[in-house]
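Some notes on the structure that comes next.
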Amino acid sequence: MMTENSEKAFGSNYFNSPELPVAVAEVSASPLAQHAHDLTERDHFHDFSELVLVTGGSGSQIVDGIEYPVAAGDLFLIQGHSCHRFTDRRTVSLLNVQFDPERLALPYSLLRRIPGYNVIFHLEPATRGSAGGGNRLRLSGGSLARAEHLIRELRRELAEAAPGYEAASLALLTGLIVHVSRCHAGPPAARGAALLRVGEVISRIERDYAEPLTLSGLAAVAGMSQNHLLRLFRAATGSTPIEHLLKVRLRRAAALLRGGTLTIGEIAARCGFNDSNYFAKKFRDLYGESPRSYRRRE
């Protein structure tokens, strides 16, 4: 919820290279700014995403006009369009991993197979502010130490910029995302448990998109009725499970069309379509052209 006083943080002020839009900023509990473009206590939004790990202390953060308490071990994602600030920087220490997911070659199709990834990086930010909102991952012990170690290693790679640092940085960022996604076992609150169930359904779709998945089968994965799953899934994603399944199949088909020698009929079958004409119709609906035309253009 941007206001007229909100400031925009540009990734170009944080990233060392446009080819590697990743940065790590450490904010210590102090009244003083920690770096040249430190907006910690001022309303701001980004043209990138920010994964925040609270490493010490406690305090409050305001996100889109709603205040949330935070404490050491909390980890959460701030998407670019969200306006946010901390109320008092003197009481909390942070590690901020800043990255532009649209410009990074991360293995998203594989990451989406992890239920916790879907919750942390998509579902929780999208539903933050709804009734019972404000869930975030709380790390402790070895899980917290591992996350902090990965972030500091990423910071070191970016700072030293030794040969191969780009590949090493992407590997560390991927490792961090996988680690925190695996740590998301679901908070006890009903909303958090429900989001994790939706995340499990998304993971099942991402993994088994070519199988004859049905609404009843996906509801069994979630452990709830079909109607309950429909309500939760639509509230969290804006679509139904079957609509999401169709998009995943078409996205995978588009990837196969961009490379390889499979025929269009073989691609349709490999992506879960029994009827190649139906596949062609749905592909045109989503991409605005036929599979054959898309292949020639690519």
Side-chain angles (χ1 to χ4, degrees), residues 1-3 5-15 21-29 33-35 37-89 91-104 106 108 111 116-130 132-139 144 147-148 150-151 154-155 173 176-177 179-181 183-184 187 191-192 195 199 236:
M1 185 172 63
M2 275 77 78
T3 68
N5 296 321
S6 300
E7 299 181 55
K8 184 172 182 177
F10 293 94
S12 57
N13 291 326
Y14 302 88
F15 306 141
V22 181
V24 176
E26 183 167 11
V27 178
S28 301
Q34 306 290 301
H35 51 86
H37 300 278
D38 189 342
L39 301 175
T40 303
E41 287 184 296
R42 289 144 61 183
D43 282 333
H44 66 285
F45 58 101
H46 311 143
D47 62 359
F48 54 89
S49 293
E50 187 172 64
L51 189 63
V52 181
L53 176 65
V54 182
T55 56
S58 61
S60 294
Q61 186 182 44
I62 297 175
V63 182
D64 291 333
I66 301 175
E67 187 169 352
Y68 301 100
V70 298
D74 281 351
L75 181 139
F76 49 91
L77 182 78
I78 298 293
Q79 293 178 316
H81 55 77
S82 296
C83 181
H84 59 285
R85 65 179 171 88
F86 279 89
T87 58
D88 188 350
R89 64 182 305 146
T91 65
V92 64
S93 298
L94 314 166
L95 282 171
N96 294 336
V97 180
Q98 301 150 332
F99 64 102
D100 187 343
E102 300 298 324
R103 294 162 52 205
L104 284 173
L106 296 175
Y108 294 113
L111 291 172
Y117 171 82
N118 298 316
V119 175
I120 296 170
F121 291 88
H122 295 286
L123 300 177
E124 199 284 325
T127 58
R128 188 179 293 140
S130 61
N135 283 299
R136 66 261 327 269
L137 180 63
R138 170 64 61 83
L139 300 175
L144 175 58
E148 186 169 348
L150 287 167
I151 295 172
L154 174 58
R155 188 184 188 204
L173 179 59
L176 172 66
I177 292 172
H179 171 64
V180 300
S181 298
C183 288
H184 200 296
R191 177 180 173 276
L195 279 184

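For the single chain, residues carry numbers from 1 onward in sequence order. All of these numbers come straight from a predicted model, not from anything done at the bench. Scope of the values below: all heavy atoms of this structure, side chains included, with no hydrogens, waters or symmetry mates.
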On a heavy-atom basis, which atom in [X] and which in [Y] lie closest, and how many Å separate them?
X      : Y      : answer
Val63  : Ser82  : CG1-CB, 4.2 Å
Ala236 : Leu123 : CB-CD2, 3.7 Å
Glu124 : Leu195 : CA-CD1, 4.1 Å
Val92  : Ser58  : CB-O, 4.1 Å
His184 : Gly116 : CB-CA, 3.8 Å
Glu26  : Arg155 : OE1-NH1, 2.8 Å

Those residues that, when tested against [X], pass side-chain contact (heavy atoms from CB on, under 4.5 Å) (two or more places apart):
X      : answer
Ser93  : Ala29, Thr55
Leu104 : Leu20, Pro21, Val22, Phe99, Leu106, Tyr108, Leu170, Leu173
Ile151 : Val24, Leu53, Leu95, Val97, Leu176
Glu102 : Asp100

Please report the interatomic distance [atom1]([X]) to [atom2]([Y]), rounded to the nearest 0.5 Å.
X      : Y      : atom1 : atom2 : answer
Glu50  : Gln98  : CD    : CD    : 5.0 Å
His179 : Leu139 : NE2   : CG    : 6.0 Å
Thr87  : Ile62  : OG1   : CD1   : 6.5 Å
Asn96  : Ile78  : CG    : CD1   : 9.0 Å
Leu77  : Ile177 : CG    : CD1   : 9.0 Å
Cys83  : Lys8   : SG    : NZ    : 13.0 Å

Partners passing ring pair (Phe, Tyr, Trp, His ring centres under 6.0 Å) against Phe121 (at least two apart in sequence or in another chain): Tyr117
Could you pull out all residues at least two apart from Phe48 that satisfy ring pair (Phe, Tyr, Trp, His ring centres under 6.0 Å)? Tyr14, Phe15, His46
Just by distance, do the side chain of His44 and the backbone of His84 share a donor-acceptor pair under 3.5 Å? yes
Under the side-chain contact (heavy atoms from CB on, under 4.5 Å) criterion, do Cys183 and Leu137 qualify, and how do the steps go? CA-CA 8 Å; Cys183 288; Leu137 180 63; 4.1 Å; yes
Kindly state each residue pair satisfying salt bridge (charged side-chain N to carboxylate O under 4.0 Å, His left out) with at least one member in residues 68-83, sequence neighbours excluded.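 For residues 68-83: Asp74-Arg138.
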Those residues that, when tested against Asp47, pass salt bridge (Lys or Arg N to Asp or Glu O under 4.0 Å) (two or more places apart): none
By salt bridge (Lys or Arg N to Asp or Glu O under 4.0 Å) - contacts of Glu148 (at least two apart):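 Glu148: salt bridge (Lys or Arg N to Asp or Glu O under 4.0 Å) contacts with Arg152.
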With sequence neighbours left out, what residues match Asp88 under side chain to side chain donor-acceptor pair (under 3.5 Å)?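 Here the qualifying residues are Arg90.
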Which residues share a side chain to side chain donor-acceptor pair (under 3.5 Å) with Ser60, sequence neighbours left out: Glu67
Hey, mind stepping through Val70 and Phe86 against side-chain contact (heavy atoms from CB on, under 4.5 Å) and telling me if it holds? CA-CA 10 Å; Val70 298; Phe86 279 89; 3.7 Å; yes
